[in-house]
Amino acid sequence: MKTLAIMRRDLLKLRRNPLTLITTILMPIIYLIIIGNSFQGQLKHLPLVVVAQDHGEYARRLVEQLLALQAGPKTVTVSFAPDPAQAIEAVRDGQYKGAVIIPPNFSHSVGEGRIAEVGLFTDNVDSVSASTLEGVMAEAAQAVKVSFVTAREPKLNQIVLRPTWLFQYVDYDRGLIPGVIVMAIFTGSLMCGVFNWVMDKFMGMTECYLVTPLSRWNIAAGILGSGVTITSIAGVTVLFLGLLITRGRIEGGVPALLTLIAIIVITSTGLLAMTFSILGRASHPRLVGAFAGFLNVILFFPSGAIYPIESFPPWLKAFARYNPETHAVSALKSILFKGADLAAVTRDISFLLIFMTATLALASISFKRTL
Amino acid sequence: MELASAAIQTTELTKRFGSFTAVDSVSFEVRRGEVFGLLGPNGAGKTTLVRMLTTLLPVTAGKATVAGHDVVRHPTRVRERIGVIPQALTSDLDLTGWENIDIYGEFYDVPRRKRHERARRLLEMVGLRERANDLVATYSGGMRRRLEIARGLIHSPEVLFLDEPTIGLDPQSRRAVWDLLEALRKESEITISLTTHYMDEAEQLCDRIAIVDHGKIIALDTPSGLKRMVEGADRVELEIEGDGASVATLLKQEPYLREVEHNGNGKLTLGADNGPHVVPKIIDRVESAGASVTSISVHRLSLEDVFIRFTGRSLRDEPAKKVSFLVGAGMPQSRG
């Protein structure tokens with residue numbers, strides 16, 4: 001009887017808080033859609049640029065194999081470029097996940113039965129994509145060998161793949177560092193900014209601010225300032241801890257470190273302002289708690305922090321393109337592992353700056369100096 | 001520059017929430033240096049009234065000036081000149097007592113040296129000097145309240161608003177807060193607006209009291225003046241030897257008695273304006289009727305009696321509070 005009374009009390013409370021019920025039922029479905037589509041097993045649509053400097057029989061066969069992989073399992077999306085240096089640079093810039101260079105003497109070497117090399121230059125910072133591309137190329141070379149071995153064919157097993165990593169070795173754990181930094185920024189921005197504000201409001205403590213000469217701007221800027229400071233410190237701490245644990249280093253020295261800090265600060269400000277715009281007027285910390293999990297999932301998993309964006313379905317890919325965390329992860333990866341200079345991350349940083357400005361404007365509109 | 005001799009002045013001040021009128025055309029004046037009490041049942045409109053005066057709520061109609069400045073036209077000037085101690089304990093638990101006061105002083109741009117001098121003096125005054133560097137989380141409720149009073153004074157406000165300052169405190173802490181407010185009053189020219197439910201508190205501390213009910217001020221006077229407003233409110237209990245009925249008939253003719261009730265067995269209950277003063281006259285009159293007084297007692301009117309006389313005994317049905325459908329019951333937002 002007494003146990004039933006406890007149960008009844010809890011069930012009544014649950015019924016009167018539909019948000020808890022909605023969170024319990026709806027969130028797992030949303031999580032499943034987002035996370036499920038972010039991790040789809042085999043990678044797809046990895047952008048691959050091919051420089052065919054040889055137009056002989058065997059080079060053509062190799063290209064046909066790659067095009068077959070594009071048409072069939074859709075593992076790669078093949079583009080062609082005339083200049084190897086240009087193709088490799090495009091991989092460095094992040095336009096492609098890999099570049100295949102078929103040298104001028106390839107078919108001749110195969111025909112002569114000599115060792116024929118094919119170059120594969122991968123963006124190994126994305127280790128998952130890089131290893132997939134190596135597998136795909138090995139498969140293509142193998143297919144050339146199997147499909148065309150006849151009594152009259154030369155020794156095709158002389159085709160050798162020469163994979164080259166364009167950047168320092170980045171293992172899976174180290175590759176997660178940018179994602180962990182962004183997650184730390186998101187968590188910090190939520191806990192230090194809007195959660196504190198809504199909790200103070202809920203406890204009646206904001207009343208004390210509102211009877212002082214503090215302006216709306218003073219309060220908002222103060223909360224954002226402290227939030228950005230704490231969140232940025234958390235981001236930088238996670239960066240160093242991550243490098244310490246994975247024994248990594250920052251390519252590019254002090255200028256790269258300063259750029260990383262700038263990215264962390266801009267991302268922190270943008271995310272703090274975003275959470276304020278969305279939740280700043282919430283009257284109950286429950287709302288912040290419920291939305292925190294939701295926002296974290298929809299922003300983090302499609303950010304490319306764990307799985308390459310190229311493999312997402314089109315709708316999720318489109319979302320990822322406008323996801324601030326995607327650009328933060330991309331910029332951090334470029335500076336941290338690729339030794340890229342500021343110019344290389346201009347696109348990502350520009351997006352983050354626009355996002356920050358827009359959310360700050362939105363936060364200043366939505367923030368009210370009222371009870 | 002607006003200037004008014006009154007610390008607080010309202011004219012037809014009104015606040016409506018939809019169709020509900022929480023404060024209804026209230027006009028009153030609080031003199032500088034006065035301790036002014038606001039008494040009223042729950043939901044009477046006290047908190048709403050104070051929230052308008054402290055610029056927390058927009059005014060629907062009428063006018064109010066605090067420390068000489070219009071609350072609608074110059075809210076920042078008002079905020080610079082007032083200190084507010086809300087009902088809820090609002091000191092930051094994660095900060096020390098000193099930090100709470102010091103940061104609050106910065107809100108008012110009090111220069112550092114002055115701020116620190118004042119903080120030290122105020123902490124001394126509220127008896128928290130020794131605990132100034134402890135986290136507020138380690139303080140008792142009474143200590144937090146004293147700290148908040150000190151915090152509310154860091155910028156030397158002209159008007160201090162206190163909303164139920166002793167609610168939930170033990171008798172010792174209540175006395176400590178009272179002593180603090182009395183000391184403050186003696187030492188400075190500050191005007192204090194005190195909202196309370198405790199009649200003894202109002203009687204002890206306030207120069208004048210306004211009784212608020214249904215959004216209106218229904219009585220405003222000094223505590224003794226309020227008592228005088230209730231005619232024949234002192235109760236004189238009388239026991240006599242003799243004919244009670246004829247004594248009662250005689251006493252009914254006395255102009256200083258408002259009410260005469262014969263309870264049988266020589267017991268009478270009389271209503272008088274000023275009980276202690278009329279006792280000798282009553283005894284003379286009883287004896288002149290051939291009876292004698294065996295016992296007499298006077299029950300002076302308390303402020304609580306006055307309050308009940310003015311506001312009645314019925315419980316108030318407050319307008320329904322807003323509850324979010326999504327998140328259910330949040331913290332109750334009292335309207336006053």
#### Entry: Over all atoms of both residues, closest heavy-atom pair of A:Cys208 and B:Thr90
SG-OG1, 2.9 Å
### Greater than 12 external heavy atoms within 6.0 Å of B:Asp94's CG
no
### Query
What part of B:Asp92 gets closer than 4.5 Å to chain A, counting heavy atoms only: side chain, backbone, both or neither?
both
### Query
Are side-chain heavy atoms of A:Thr212 and B:Arg79 found at a separation under 4.5 Å?
no
### Query
Is it the side chain or the backbone of B:Thr55 that comes within 4.5 Å of chain A heavy atoms, both, or neither?
side chain
### Task
Indicate the atoms forming the closest heavy-atom contact of B:Leu56 with A:Leu210, along with that distance.
CD2-CB, 3.4 Å
### Query
To the nearest 0.5 Å, what is the distance between CE (A:Met203) and CG (B:Leu89)?
9.5 Å
### Query
For A:Phe291, does the CZ atom sit with more than 12 other heavy atoms under 6.0 Å from it, leaving out its own atoms?
no
### Message
For B:Tyr104, which atoms come within 4.5 Å of any heavy atom of chain A: side chain, backbone, both, or neither?
### Response
side chain
### Query
Which atoms form the tightest heavy-atom contact between A:Met205 and B:Ser91, and what is the distance?
CE-O, 3.5 Å
